[in-house]
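Order of appearance sets the numbers: ligands from 1, and atoms from 1 within every ligand.
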Amino acid sequence: MPCVRPLTCPICHQPLKKVEGSLRCNQNHVFDIAREGYVNLMTGHKRPKIQGDDKVMLAARRRFLGKGYYQPLSDAINEIVLAHFPGQNGVVLDIGCGEGHYLGQLRPHLPAGTCTFGLDFAKDAARLAAKRYPASRFVVSDVNGRIPFADQSIHIMLNIFAPRNPAEFARVAVPGGRLLIVIPGPNHLRQLREELDLLDIEAEKQPRIVAQMAGLFTLQETQSLTFELDLPQPDLTDLVKMTPNYWHMTPTKQAQLQAMPHFQTSAHFQILAFIKAKG
Ligand SMILES: C[S@@+](CC[C@H](N)C(=O)[O-])C[C@H]1O[C@@H](n2cnc3c(N)ncnc32)[C@H](O)[C@@H]1O
Ligand SMILES: [Zn+2]
């Protein structure tokens with residue numbers, strides 16, 4: 001049964017407890033646990049119009065990641081997390097978890113008693129994640145608002161190609177808590193981006209993130225990970241479809257992509273490992 005322990009009510013910020021098929025606070029705000037096991041903690045007027053990644057992107061990402069193309073990244077994340085894991089009763093939160101792939105790959109390596117959570121504001125993402133990874137608890141929430149976790153309750157935070165909220169990350173992290181931010185490196189899919197005029201990758205992303213975290217988290221380690229991808233169809237199309245790129249392409253470019261029998265390109269990721277700064 002996935003954990004509830006550090007979850008808080010999005011309305012009054014009191015702890016949530018599991019009561020039958022729902023989560024409740026002591027002011028009786030009630031949030032139903034969906035059939036698939038996720039919980040929507042987005043409140044009324046705060047529900048954004050855009051609900052994050054849509055079903056087509058999520059399905060493409062699930063197919064692509066399921067074939068193991070980004071396994072070296074998943075292995076590197078697991079290695080860093082395990083090197084810093086607090087032992088029993090640790091709490092892990094994957095922010096912008098999507099369909100749950102990286103948390104799902106990590107979970108079997110963690111000690112029994114660990115609580116693992118994924119947060120995403122796409123309901124479809126939480127639904128897919130909860131169905132496939134029932135050992136973790138998935139919640140629908142917006143990282144740009146107050147995230148529904150107690151102060152100083154999270155030991156390890158993952159943030160993989162997803163938006164960040166440094167002040168909230170710092171609030172929920174335990175003293176000495178770790179934050180792993182993964183971003184695409186400047187050479188990520190370089191050959192494919194040149195071939196198809198895909199979106200640029202921000203050149204100065206790493207220093208910008210380190211500056212955003214200043215005073216809250218200290219950068220301890222960076223890892224640059226590069227490997228080659230040899231992609232047949234339909235995996236090549238899935239790779240583009242799982243990012244916003246596909247939706248920015250002209251119909252001609254989309255047709256060009258689908259007509260390419262296979263393509264070789266490099267994957268390039270940067271893993272930034274932070275520790276919560278002493279306040
Ligand atoms: C590029 S995907 C990465 C998903 C996953 N980490 C992975 O690498 O497979 C970005 C994710 O962030 C989520 N997201 C975007 N804006 C968000 C927000 N404001 N709050 C919570 N999640 C958000 C999207 O729904 C999407 O699932
Ligand atoms: Zn409440």
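- Residue contact check: Ala122 has heavy atoms under 4.0 Å from atoms 25 (O) of ligand 1.
- Across every non-hydrogen atom of Thr8 and Ile147, the tightest pair is OG1-O, 4.4 Å.
- Listed by atom number, the atoms of ligand 1 under 4.0 Å from Asn144 heavy atoms are 19 (N).
- Ranked by closest heavy atom to atom 1 (C) of ligand 1, the top entry among Phe64, Phe121, Phe161, Tyr70 is Phe161.
- Short contacts between ligand 1 and Val143, defined as distances under 4.0 Å to a heavy atom of the residue, involve ligand atoms 18 (C), 19 (N), 20 (N), 21 (C).
- In this comparison of Ile95, Asp120, Leu128, Asp142, the heavy atom closest to atom 18 (C) of ligand 1 sits on Asp142.
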Can you give the donor-acceptor pairs under 3.5 Å from side chains of residues 214-222 to other protein atoms, not counting sequence neighbours?
from, atom 1, to, atom 2, distance (Å)
Gln220, OE1, Arg178, NH1, 2.7
Glu221, OE2, Gln223, NE2, 3.4

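- Listed by chain and residue number, the protein N/O/S atoms under 2.8 Å of the Zn ion (ligand 2) are Cys9 SG, Cys12 SG, Cys25 SG, His29 ND1, with waters left out.
- By the neighbour-count criterion of 12 heavy atoms within 6.0 Å, atom NZ of Lys131 is sparsely surrounded, having that number or fewer from other residues, nucleotides or ligands.
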Apply side chain to side chain donor-acceptor pair (under 3.5 Å) to Tyr102 and Asp94, showing your working. CA-CA 8 Å; Tyr102 296 99; Asp94 182 357; over 6 Å; no
Using side chain to side chain donor-acceptor pair (under 3.5 Å), reason through Thr116 and Arg107 one step at a time and then give a plain yes or no. CA-CA 7 Å; Thr116 43; Arg107 171 80 217 197; 2.7 Å; yes
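- Around the CD atom of Glu20, the shell of radius 6.0 Å holds no more than 12 heavy atoms that belong to other residues, nucleotides or ligands.
- Counting non-hydrogen atoms of neighbouring residues, nucleotides and ligands closer than 6.0 angstrom, the NZ atom of Lys17 reaches no more than 12 such neighbours.
- Aromatic ring pairs are classed by plane angle as parallel below 30°, tilted from 30° to 60° and perpendicular above 60°; the pair Phe227 and Phe269 is tilted.
- The atoms of ligand 1 that sit less than 4.0 Å from any heavy atom of Ser141 are 20 (N), 21 (C).
- Within the structure, ring-ring contact (aromatic ring centres under 6.0 Å, His included) contacts touching residues 231-267 (residues at least two apart or in different chains) do not occur.
- Within a 6.0 Å radius of CD in Glu228, other residues, nucleotides and ligands contribute more than 12 heavy atoms.
- Distances between N or O atoms of Ile160 and those of ligand 1 include at least one value under 3.5 Å.
- Using a 4.0 Å cut-off between heavy atoms, Ala125 makes no contact with ligand 1 at all.
- Residue-level proximity to ligand 1 for Arg61 is carried by the side chain, the only part with a heavy atom below 4.0 angstrom.
- Under the disulfide bond (SG atoms under 2.5 Å apart) criterion, Cys25 pairs with no residue, sequence neighbours left out.
- Checking only distances, Leu119 never comes within under 3.5 Å of ligand 1, N or O to N or O.
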